[in-house]
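Below you'll find the structure, written out as structure tokens, and then a few comments.
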There are 2 protein chains.
Amino acid sequence: MEFESPKMSRLPTIRRLPAYLRVLRQLQGEAWEHVSGTYLAEQLSLDPVQVRKDLTITGIVGTPRVGFMVDDTVAAIEAFLGWQNATEAFLVGVGNLGTALLGYAGFERHGLKIVAAFDADPAKIDVEIHGKPVYPLEKIADLAARLRVRMGILTVPEIAAQAVADRLVVAGITAIWNFTPVALKTPGGVVVQNEDLSCGLAVLSAKLRNADGS
Amino acid sequence: MEFESPKMSRLPTIRRLPAYLRVLRQLQGEAWEHVSGTYLAEQLSLDPVQVRKDLTITGIVGTPRVGFMVDDTVAAIEAFLGWQNATEAFLVGVGNLGTALLGYAGFERHGLKIVAAFDADPAKIDVEIHGKPVYPLEKIADLAARLRVRMGILTVPEIAAQAVADRLVVAGITAIWNFTPVALKTPGGVVVQNEDLSCGLAVLSAKLRNADGS
DNA sequence: TCAATATCGATATTTTTTTATCTATTATAG
DNA sequence: CTATAATAGATAAAAAAATATCGATATTGA
């Protein structure tokens, strides 16, 4: 017999949780008490069975003929993702994309708080961008240790990606949100989430070519 | 017996194609003639069998003991994705993220050319951002028809997402790259690719919580 | 109280994706 | 010219995910 690990992978499920959360928060604003999986499914163009199955990963249970308690479900998803209290993060690479992410207020609703940014370009140092201070790369290790920051957001040019990632790892960063297209090599124990825009563009291109190509 | 459609879905495969392309282009720069699936797999931390299987979707064939012709493989992937000649696109919503995307030069290597931007805010109209003109939303339909643009990049605030998407569809746009977290309702025949950052953040959060939580 | 219905949760089935195994081919070395 | 090793490609197996089915339960209205 095999013990059930409290959480197997279920990556597709995890990717859908923020969508549930978004709808649920809106319902909170409208003072709903309960919501059915069927309703969530309709809002998100998903299958009701899939919604219910996804929600089980958080441990929440619904009641027949009633649905799920809205507040409890929000709490369960947030707890599952660790979004109740914000994770502090560094952002490295204050280019177009890095600047945009620094200015995105929505992260705070997603348990993420960017506390400092870093860049190799001296011209960008010591100015604040969207209220966040920008430091030279050399300060990463020192600040990471002092502020106990463990997450890094990587928005540097492709050519610098691996070197900066190495620097983050040395500084004790254990989670990297990688916006470069580079497949980073990191030691075990460091988790990396790749966010390569070209993947999505490829899917869209393929769909488009297939939709009108034939 | 069942006919093989020339391309079944194979979405995960399609998402990996840009990564192969990136490595292959680098090899082109170093004047490699051939490359083995094994080498590509190493570079991208993938399984060699998966690489070979993925590449078959493009129709490219390799030769034993040699591998794949680099130039031919690049051409095959680009042809499969329709990236040989650029698709022209509109971008709607010139906020932080929209501005960043307007400034991203890499799209041109991915068969995408943003030809115009749109925004609801009068203060943003009639200025160029990263060399791209910004027009009011009202001009979408007219310009889409005249320039025969079929792809729209959606970077508006969540609250405006569905309305703007509707406007794009009316204007004849058939492909929407959706950077809002909204599950858009669109008529059949319109392809939508969602690029919700919070999905990736959720995965990273779950991995992180799981890595040190236990 | 009782029947009807909406809804959850569990189980089963199908589909998709990944991984493994095996065979055939071809460049290279002897 | 032959043996060997690296590699593609096909087939099969395993794992993961999506989808369907069914029984149980709680609310509603008669």
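A note on names: the letters A, B, ... follow the listed sequences, proteins ahead of strands, and every chain is numbered from 1. Keep in mind that what you see is a predicted model, and the values were worked out from it rather than measured. As a basis for the values below, the full set of heavy atoms in this structure was taken, side chains included, without hydrogen atoms, waters or symmetry mates.
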Residue-phosphate contact under 4.0 Å: Arg16(B) side-chain N/O, dT18(C) OP1/OP2
yes
Report the nucleotide, chosen from dT19(C), dT7(C), dA18(D), that has the shortest atom-to-atom distance to any side-chain atom of Thr38(A).
dT7(C)
Within the 3.5 Å criterion, strictly below it, is a donor on Asp166(A) or Gln162(A) matched to an acceptor on the partner's side chain?
yes
Just by distance, do the side chain of His130(B) and the backbone of Thr99(B) share a donor-acceptor pair under 3.5 Å?
yes
Sequence neighbours left out, cut at 3.5 Å: what donor-acceptor pairs do the side chains of residues 21-35 of chain B make with other protein atoms?
residue: Arg22(B); atom: NE; partner: Pro181(A); partner atom: O; Å: 3.2
residue: Arg22(B); atom: NH1; partner: Glu158(A); partner atom: OE2; Å: 2.9
residue: Arg22(B); atom: NH2; partner: Pro181(A); partner atom: O; Å: 3.4
residue: Arg25(B); atom: NH1; partner: Arg109(B); partner atom: O; Å: 3.3
residue: Arg25(B); atom: NH2; partner: Glu78(B); partner atom: OE2; Å: 2.5
residue: Arg25(B); atom: NH2; partner: Arg109(B); partner atom: O; Å: 3.1
residue: Gln28(B); atom: NE2; partner: Asp71(B); partner atom: OD1; Å: 2.9
residue: Glu30(B); atom: OE1; partner: Trp32(B); partner atom: NE1; Å: 3.4

Looking at Lys139(B) and Phe118(B), what are the two nearest heavy atoms and their distance?
C-CE2, 3.9 Å
Rounding to an integer number of Å, can you tell me how far Lys53(B) NZ sits from dA10(D) P?
11 Å
Is the side chain of Thr155(A) donor-acceptor paired with the backbone N or O of Val92(A) at a distance under 3.5 Å, no angle test?
yes
In whole angstroms, how far is the P atom of dA18(D) from the CG atom of Leu11(A)?
10 Å
Which atom of Leu197(A) lies closest to which atom of Phe179(B), heavy atoms considered:
CD2-CE2, 3.8 Å
Between Lys185(B) and Ser45(A), the two heavy atoms sitting closest are NZ-OG, 3.6 Å
Please determine, for the side chain of Ser36(A), which listed nucleotide (dC8(C), dT19(D), dT19(C)) has the closest atom?
dC8(C)
Can you list, in residue-number order, the parts of residues 186-202 of chain A that come under 4.0 Å of DNA chain D, counting heavy atoms only?
none
Grab the CG-P distance between Leu46(B) and dA20(C) for me, whole Å please.
13 Å
Run Leu17(A) and Tyr20(A) through side-chain contact (heavy atoms from CB on, under 4.5 Å) and show every step you take.
CA-CA 5 Å; Leu17(A) 292 180; Tyr20(A) 300 139; 4.0 Å; yes
Whole angstrom value for the distance that separates P of dG9(C) from CG of Asp47(A):
15 Å
Nearest-nucleotide pick for Arg52(A), side chain only, options being dC8(C), dA18(D), dA20(C)
dC8(C)
Rounding to an integer number of Å, can you tell me how far Leu17(B) CG sits from dT17(C) P?
13 Å
Start with the C-alpha gap between Arg16(A) and Thr13(A), add the side-chain angles, then the distance that decides, and say whether side-chain contact (heavy atoms from CB on, under 4.5 Å) holds.
CA-CA 5 Å; Arg16(A) 283 187 292 266; Thr13(A) 291; 3.7 Å; yes
Can you list, in residue-number order, the parts of residues 61-73 of chain B that come under 4.0 Å of DNA chain C, counting heavy atoms only?
Pro64(B), Arg65(B), Val66(B)
